[in-house]
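Here, residue 1 is the first one in the sequence, and each next residue gets the next number. On a predicted model such as this, the values are computed, not experimentally measured, just so you know.
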Amino acid sequence: MTTPASPTSGVQLLEVAPDHAGQRIDNFLLARLKGVPKTLIYRILRKGEVRVNKGRIKPEYKLQAGDIVRVPPLRLPERDEPVPLALGLLERLEAAIVYEDKALIVLNKPTGIAVHGGSGLNYGVIEAFRQLRPDAKDIELVHRLDRDTSGLLMIAKKRSMLRHLHEALRGDGVDKRYMALVRGSWPTAKKKVSAPLLKSNLRSGERMVEVNPEGKEALTVFRVLRRFGEFATLVEASPITGRTHQIRVHAQYAGHSIAGDPKYGDDDFSHEVRDLGGKRLFLHAYALKITLPEGQVLEVEAPVDEMWVRTLERLGA
């Protein structure tokens with residue numbers, strides 16, 4: 001049994017009935033804790049504050065009949081408090097966190113979400129996290145991902161972490177790896193693309209980047225991961241420098257543009273991939289290795305979304 005939620009609820013002990021056996025703990029709590037924001041439920045699960053039979057569990061834990069679920073005290077919004085803007089976005093981003101400590105958040109950013117407001121957008125990832133983490137007064141993006149690129153994005157909650165990671169990014173203290181689906185058969189021998197990149201703004205305000213000897217030095221290391229005949233190749237891309245649109249432009253320059261790229265892609269190739277269900281830019285930041293201020297090494301990976309998985313399955317069929 002449980003009582004209706006109040007603005008500040010105490011510890012709740014919920015017994016799992018037989019008809020809820022096999023249900024994931026996160027879905028169980030979403031159904032039972034009416035009025036509690038999803039963001040708060042995922043946060044207490046991720047922090048290990050929810051216990052089952054006095055033990056810690058993961059959000060994907062499947063309940064058994066008779067389990068006793070301990071829910072910690074919850075601070076709920078007052079009825080007259082304003083509803084946060086873009087609640088659905090906040091919930092998606094909260095659920096997409098792959099690592100968090102007192103100074104750093106690492107997020108598996110979904111495709112189609114900008115990292116910050118601007119260009120007609122009221123807000124992006126950083127504005128959302130200023131709502132999600134109001135106590136983190138110095139929260140800032142460590143780096144950026146294009147709106148249509150998915151994957152690992154670092155957000156610093158403290159100025160000291162931001163300074164540390166900016167210095168690491170200027171040196172060799174951050175190892176970022178991307179996956180990209182590119183046109184044609186990428187040659188195994190082609191391991192590097194070194195070509196200077198120059199940014200320019202069109203009259204519309206849109207930013208474009210081109211290979212130009214007057215541009216800044218740029219180097220990307222590529223490795224073949226999987227081939228789909230002569231039609232496409234899944235590659236790993238490691239940007240040694242951090243220029244705007246670097247991987248996208250270097251792939252195009254090599255003659256193997258990325259699927260779904262509206263700026264630097266091949267329309268016919270993108271349309272064929274789209275016909276297979278791939279309605280996105282196929283560029284994903286999947287692996288990150290960084291040295292934290294105390295010297296320990298953090299390594300995280302982020303899975304691709306279902307659309308990516310299904311499209312590659314159809315390509316390989």
Practice prompt. Using the rule that two of Ile, Leu, Val, Met, Phe, Trp, Tyr join whenever any of their side-chain heavy atoms come within less than 4.5 Å, decide whether L104 and I126 are in one cluster.
Written response: no
Item to complete: Any chance you could measure L40, atom CG, to L132, atom CG, to the nearest 0.5 Å?
Response: 11.0 Å
Worksheet item: For Y253, does the OH atom sit with more than 12 other heavy atoms under 6.0 Å from it, leaving out its own atoms?
Response: no
Worksheet item: Using 4.0 Å as the upper bound for N to carboxylate O, is an ion pair formed by K157 and E100?
Response: yes
Worksheet item: Does a side-chain heavy-atom distance below 4.5 Å link Y286 with R177?
Response: yes
Discussion item. Is any side-chain heavy atom of I290 closer than 4.5 Å to one of V297?
Written reply: no
Fill in: Verdict with supporting geometry, K199 and R207, side-chain contact (heavy atoms from CB on, under 4.5 Å)
CA-CA 7 Å; K199 286 190 293 187; R207 179 178 290 177; 3.9 Å; yes
Discussion item. Using every non-hydrogen atom in the two residues, find where L276 and L315 come nearest and quote the distance to one decimal.
Written reply: CD1-CD2, 3.5 Å
Worksheet entry | CD1-OG distance between I247 and S238, expressed to the nearest 0.5 angstrom | 8.0 Å
Worksheet item: F129 versus L107: any side-chain heavy-atom pair under 4.5 Å?
Response: yes
Worksheet entry | Full working for side-chain contact (heavy atoms from CB on, under 4.5 Å) between K192 and L219 | CA-CA 7 Å; K192 295 180 180 180; L219 172 63; 4.1 Å; yes
Worksheet item: Would you say the ring centroid of Y178 lies under 6.0 angstrom from that of H284?
Response: no
Discussion item. Tell me whether V193 shares a hydrophobic cluster with V235, the cluster being built from Ile, Leu, Val, Met, Phe, Trp, Tyr side chains joined at under 4.5 Å.
Written reply: yes
Fill in: Heavy-atom donor-acceptor pair, K158 side chain to L162 backbone, under 3.5 Å
no
Response to the item:
Taking every heavy atom of V273 against every heavy atom of A259, the minimum-distance pair comes out as CG2-CB, 4.0 Å
Discussion item. Once rounded to the nearest 0.5 Å, what's the spacing between atom CD of Q12 and atom CG of L33?
Written reply: 6.0 Å
Worksheet item: Considering only heavy atoms from C-beta outward, does the side chain of R280 approach that of S150 to under 4.5 Å?
Response: yes
Item to complete: Establish whether I44 and Y42 are linked, either directly or via other cluster members, by ILVMFWY side-chain heavy-atom contacts under 4.5 Å.
Response: yes
Fill in: Any donor-acceptor N/O pair, T149 side chain to L145 backbone, under 3.5 Å
no
Discussion item. Quick check: is V98 connected to V142 through a chain of hydrophobic side chains (ILVMFWY, heavy atoms under 4.5 Å apart)?
Written reply: yes
Fill in: Whether K54 side chain and R51 backbone form a donor-acceptor pair below 3.5 Å
no
Item to complete: Write down the atom of R147, the atom of A114, and the distance for their closest heavy-atom approach.
Response: CG-N, 3.7 Å
Item to complete: Before giving the answer on side-chain hydrogen bond (donor to acceptor under 3.5 Å, both in side chains), spell out for N108 and Y99 the whole-Å C-alpha distance, their side-chain angles and the decisive distance to 0.1 Å.
Response: CA-CA 9 Å; N108 184 7; Y99 174 84; over 6 Å; no
Worksheet item: Do D146 side-chain atoms and D148 backbone N/O form a donor-acceptor pair below 3.5 Å?
Response: no
Worksheet item: Got a donor-acceptor contact below 3.5 angstrom from the N53 side chain to the G55 backbone?
Response: no
Practice prompt. Please lay out, stage by stage, how L90 and R92 fare under the test side-chain contact (heavy atoms from CB on, under 4.5 Å).
Written response: CA-CA 6 Å; L90 298 181; R92 285 184 71 193; over 6 Å; no
Fill in: E94 with R133: basic N within carboxylate O range, under 4.0 Å
yes
Fill in: Point-to-point distance, once rounded to the nearest 0.5 Å, from CD of E294 to NE2 of H164
8.0 Å
Practice prompt. Could you tell me which non-hydrogen atom of L93 sits nearest to which non-hydrogen atom of V125, and how far apart they are?
Written response: CD1-CA, 4.2 Å
Worksheet entry | Parallel, tilted or perpendicular: rings of F28 and H20 (30°, 60°) | perpendicular
Practice prompt. May I ask you to check whether over 12 heavy atoms, not counting those of E60, lie within 6.0 Å of atom CD?
Written response: yes
Discussion item. As a quick check of understanding, evaluate side-chain contact (heavy atoms from CB on, under 4.5 Å) for K191 and F222, giving each step before the final call.
Written reply: CA-CA 5 Å; K191 301 183 184 302; F222 289 91; over 6 Å; no
Fill in: F269-F231 aromatic ring centre distance below 6.0 Å
yes
Practice prompt. Inspect the surroundings of CD in E49 and state if more than 12 heavy atoms from other residues, nucleotides or ligands are less than 6.0 Å away.
Written response: yes
Worksheet item: When hydrophobic residues are tied together by side-chain contacts of less than 4.5 Å, even through go-betweens, does V304 share a cluster with V106?
Response: no
Fill in: Spacing of CZ belonging to F282 relative to CD1 belonging to I258, to within rounding of 0.5 Å
11.5 Å
Worksheet item: Any sub-3.5 Å donor-acceptor pair from H250's side-chain atoms to A195's backbone N or O?
Response: yes
Worksheet entry | Donor-acceptor pair, side chain of H271 and main chain of D267, under 3.5 angstrom | yes
Worksheet item: With no hydrogens and no angle check, is any side-chain donor or acceptor of E127 less than 3.5 Å from a backbone partner on G124?
Response: yes
Worksheet item: More than 12 foreign heavy atoms under 6.0 Å from CZ of R46: is that the case here?
Response: yes
Item to complete: Check whether any side-chain heavy atom of I105 lies under 4.5 Å from a side-chain heavy atom of M154, and answer yes or no.
Response: no
Item to complete: Would you check if the side chain of W308 reaches a backbone N or O of L312 as a donor-acceptor pair within less than 3.5 Å?
Response: no
Worksheet item: Which of these passes side chain to side chain contact (heavy atoms under 4.5 Å, CB included) with T233: R183, H256, R226, R227?
Response: R227
Fill in: Within-4.5 Å side-chain heavy-atom neighbours: L153 and H143
yes
Item to complete: Please determine, by modelled atom types, if Q246 and T241 share a side-chain donor-acceptor pair under 3.5 angstrom.
Response: yes
Worksheet item: Got a sec, which residues hit salt bridge (charged side-chain N to carboxylate O under 4.0 Å, His left out) with K263, two or more places apart in sequence or on another chain?
Response: E206
Discussion item. Once rounded to the nearest 0.5 Å, what's the spacing between atom CD1 of I57 and atom CD1 of I25?
Written reply: 5.0 Å
Worksheet entry | For L29 against V71, the heavy-atom pair lying closest together | CD2-CG2, 3.9 Å
Worksheet item: Any donor-acceptor pair under 3.5 Å linking the side chain of D175 with the backbone of L288?
Response: no
Discussion item. Between the side chains of D261 and R248, is the shortest nitrogen-to-carboxylate-oxygen separation below 4.0 Å, so that they form an ion pair?
Written reply: yes
Discussion item. Just so I know, are the side chains of L14 and R32 near enough to count as touching, which here means a heavy-atom distance under 4.5 Å?
Written reply: yes
Fill in: L197 side chain reached by K216 side chain, heavy atoms, under 4.5 Å
no
Worksheet entry | Cationic N near anionic O, under 4.0 Å, E306 to R310 | yes
Response to the item:
Of all heavy-atom pairs linking P213 and P196, the shortest is CA-CG, 3.8 Å
